[in-house]
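Note sheet for the following structure.
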Number of protein chains: 2
Amino acid sequence: MEYSIEDIRNKLSEKGLKVTPQRIAIVDAIYKLGSHPTAEKIIEYIRQSNPNIASGTVYKVLDTLIKHKLIKRVTTDKDVMRYDGIMENHHHLYCINCDVIEDYIDEELDTLLNNYFKNKKIEGFRINEFMLQIKGTFDKH
Amino acid sequence: MEYSIEDIRNKLSEKGLKVTPQRIAIVDAIYKLGSHPTAEKIIEYIRQSNPNIASGTVYKVLDTLIKHKLIKRVTTDKDVMRYDGIMENHHHLYCINCDVIEDYIDEELDTLLNNYFKNKKIEGFRINEFMLQIKGTFDKH
DNA sequence: GTGGTTGCAAACCCTTTGCACGGCA
DNA sequence: TGCCGTGCAAAGGGTTTGCAACCAC
């Protein structure tokens, strides 16, 4: 992903959020870490350059970012939360053996699903978005 | 879902698990409660008829049932775990406003996805199964 | 200036663990 | 009888909360 700190500042102020060093560092960490980090990984990364950040702050900022749709939570069946900086609709590959989660972007698939549900309504339910979870194994493991 | 206690006893012993009242009660609770209950809901339900069951026991049994593929964990972006007694491949409808999760069974969709990924391989990844998460709102809410 | 943010530490809550007792095979 | 499963209570660990100090705007 290509981005600059200035981009992050802009994203924050567009949402009416105060631009603080902590918030910049957290968004930056999520982008840099890439692989759907846990809060712990984010804290660990930020403390390299900013040892004084409080973990409570990180959790609060993550919540704020989610509320303002700057990041998403990744759904898993584990009890630690993971975060995702990509806001465009996309899908995920889950490894059965380890806890790697990779992004899967496939516009052809999106079209297929959109067309399918354009005709096939689900009674009593209004669809907002969908996300395919693909479980399997990475060859490299 | 149609089932009897005898069915549950059979499922347990088929997997080589000892048939205990607690295990029967837990599987029965998941089937009866239906709507992807949390551990807390399961405990609450069972205590109506069996007030002495320990919560530790419930968690241990749930783990055992998952390991032996009698139930599944439902993936969410919340920090409480939820459980699902349906083992056949199926999808889920997630309500954006509340925490209702409903099953969505659609064989036509399964066929569509299977055919799509029969041709379109994902490089470096071997697909085991997929599950579509459909987010939106229920009219009734 | 002032209201939103941060740091800190304690509280929370769901889940896990250890161990002795109990009950299914 | 042997061993797996249960109850109990304590520990664990990720996340949330309260409050005073701070700092973007």
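In the text below, chain A, chain B and the rest are named by the order of the sequence lines, each starting its count at 1.
Qualifying side-chain contact (heavy atoms from CB on, under 4.5 Å) partners for B:Arg126, counting only residues two or more places apart in sequence or in other chains: A:Thr137, A:Asp139. Scored by the side-chain hydrogen bond (donor to acceptor under 3.5 Å, both in side chains) test, A:Lys135 finds no partners at all (sequence neighbours excluded).
Distance B:Met81 CE to D:dT15 P: 11 Å, rounded to the nearest Å. As rounded to whole Å, 18 Å separates atom P of D:dC4 from atom CG of B:Asp63. Rounded to an integer number of Å, the gap from A:Lys60 NZ to D:dC22 C1' is 13 Å. We find that NZ of A:Lys78 is positioned 14 Å from P of D:dG14, with the value rounded to whole Å.
Across every non-hydrogen atom of A:Ile46 and A:Ala29, the tightest pair is CG1-CB, 3.9 Å.
Using cut-offs of 30° and 60° for the angle between ring planes, the B:Tyr104 and A:Phe117 rings count as tilted.
For A:Tyr59 and D:dT16, the shortest distance from a side-chain N or O to OP1 or OP2 is not below 4.0 Å.
Along DNA chain C, the nucleotide nearest A:Gln22 and the nucleotide nearest B:Arg82 are compared for position; the residue whose nucleotide lies closer to the 5' end is A:Gln22.
Looking only at atom types and distance, the side chain of A:Asp84 has a donor-acceptor partner in the side chain of A:His90 under 3.5 Å away.
Expressed to the nearest 0.5 Å, how far CG of A:Asp63 lies from CE of A:Met81 amounts to 8.0 Å.
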### Message
Under the criterion side-chain contact (heavy atoms from CB on, under 4.5 Å), I'd like the reasoning laid out for A:Phe130 against B:His91: C-alpha separation, chi angles, the key distance, then a yes or no.
### Response
CA-CA 11 Å; A:Phe130 26 63; B:His91 311 282; over 6 Å; no
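Counting heavy-atom neighbours within 6.0 Å of B:Glu129 CD, excluding the residue itself, gives a total above 12.
In this structure, B:Ile101 belongs to a hydrophobic cluster whose other members, linked by side-chain heavy atoms under 4.5 Å apart, are B:Val74, B:Tyr94.
A heavy atom closer than 4.0 Å to some atom of DNA chain C occurs in A:Asn52, A:Ile53, A:Ala54, A:Thr57, these being the qualifying members of residues 39-58 of chain A.
A side-chain hydrogen bond (donor to acceptor under 3.5 Å, both in side chains) with A:His36 is found for exactly one of A:Arg73, A:His92, A:Lys41, namely A:His92.
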Is there any protein nitrogen or oxygen under 3.5 Å from a nitrogen or oxygen in nucleotides 23-25 of chain D, and what are the pairs?
residue	atom	partner	partner atom	Å
D:dC25	OP1	A:Val19	N	3.0

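The cationic atom of B:Lys140 (NZ for Lys, CZ for Arg) lies less than 6.0 Å from the six-membered ring centre of B:Phe138 and within 45° of the ring axis.
Using a 4.0 Å cutoff to heavy atoms of chain A, the contacted part of DNA chain C runs 5' to 3' from C:dG3 to C:dC8.
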